[in-house]
Amino acid sequence: MNAPLTKELHNRRVSLFSRYFGQTVLAIGAHPDDLELAIGGTLARLSRNGARVVMAVVSVPADFETRRGEAARAAEILGCELRVLMDDGCRRIDDIKSYQLVNMLDSLVRELAPAAIFTHSASEFHRDHVAVHSACLSTQRLKAFDFFHFNPTMTRAVPVAFHPRAYVDVTETIELKMQAIEVHASQFGARGLDTELFRDIARLNGRMVGVKYAEGLDVGRMLIA
Ligand SMILES: [Zn+2]
């Protein structure tokens, strides 16, 4: 009796990723590198498990060609599609009004009809990240997708209150995540910063749930069917 039940529970746990099989998952980050830092391992797993994963980068604040190129290589490593939304050169999110940002994200959601959206949380300290979080909240009125928030992103460690309520086991994709972060050389190698912070965060999150590496999420909205 126990053995089949255990196997069934195991299969259910493994098959949670099949929730998005054949569907589109949309990850929205304010800048190149935010998505890789927060959920690179999750995005790689989603892609490997049959989801179409679109990484939307809202703005490139500096070094447009370099940073877009880095983002493109990172997306390729993770098996995802890249979209740069403000794609006419270096722009800050503050350059547009909040309703324009919402309109931009609305268009993307209407086009892609995602089954899930992953984006910044309200716990962010970077104003651009908070702006993207707020605009993404508004897109929830368009469609009943699952909605997740990820760990605040930063290139240097800063203490920020964020308490994950769900964890994704990224043990099988941690090296892809690390590679995807490394290609953002303009943000790390060129500044003399190493990327081990992100392995450390994944290791600590993994310890919370008994796996080697994990990424933490907060759940904004999710249908348990
Ligand atoms: Zn950012």
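As the structure lists them, so they are numbered: ligands from 1, and atoms in each ligand from 1.
Closest N/O/S atom of His31 to the Zn ion (ligand 1): ND1.
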Candidate pair His31 and Gln187, rule side-chain contact (heavy atoms from CB on, under 4.5 Å), full reasoning | CA-CA 11 Å; His31 312 115; Gln187 305 305 296; over 6 Å; no
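A salt bridge links Glu111 with Arg83: the closest approach of a Lys/Arg side-chain nitrogen to an acidic carboxylate oxygen falls below 4.0 angstrom. Using a 4.0 Å cut-off between charged side-chain N and carboxylate O, Glu65 and Arg68 make a salt bridge. For Arg92 and Asp95, the salt-bridge test fails: no basic side-chain N is under 4.0 Å from an acidic carboxylate O.
At a threshold of 2.8 Å, the Zn ion (ligand 1) has a backbone or side-chain N, O or S atom of His129 nearer than that distance. The Zn ion (ligand 1) has an N, O or S atom of Asp34 under 2.8 Å away, backbone or side chain.
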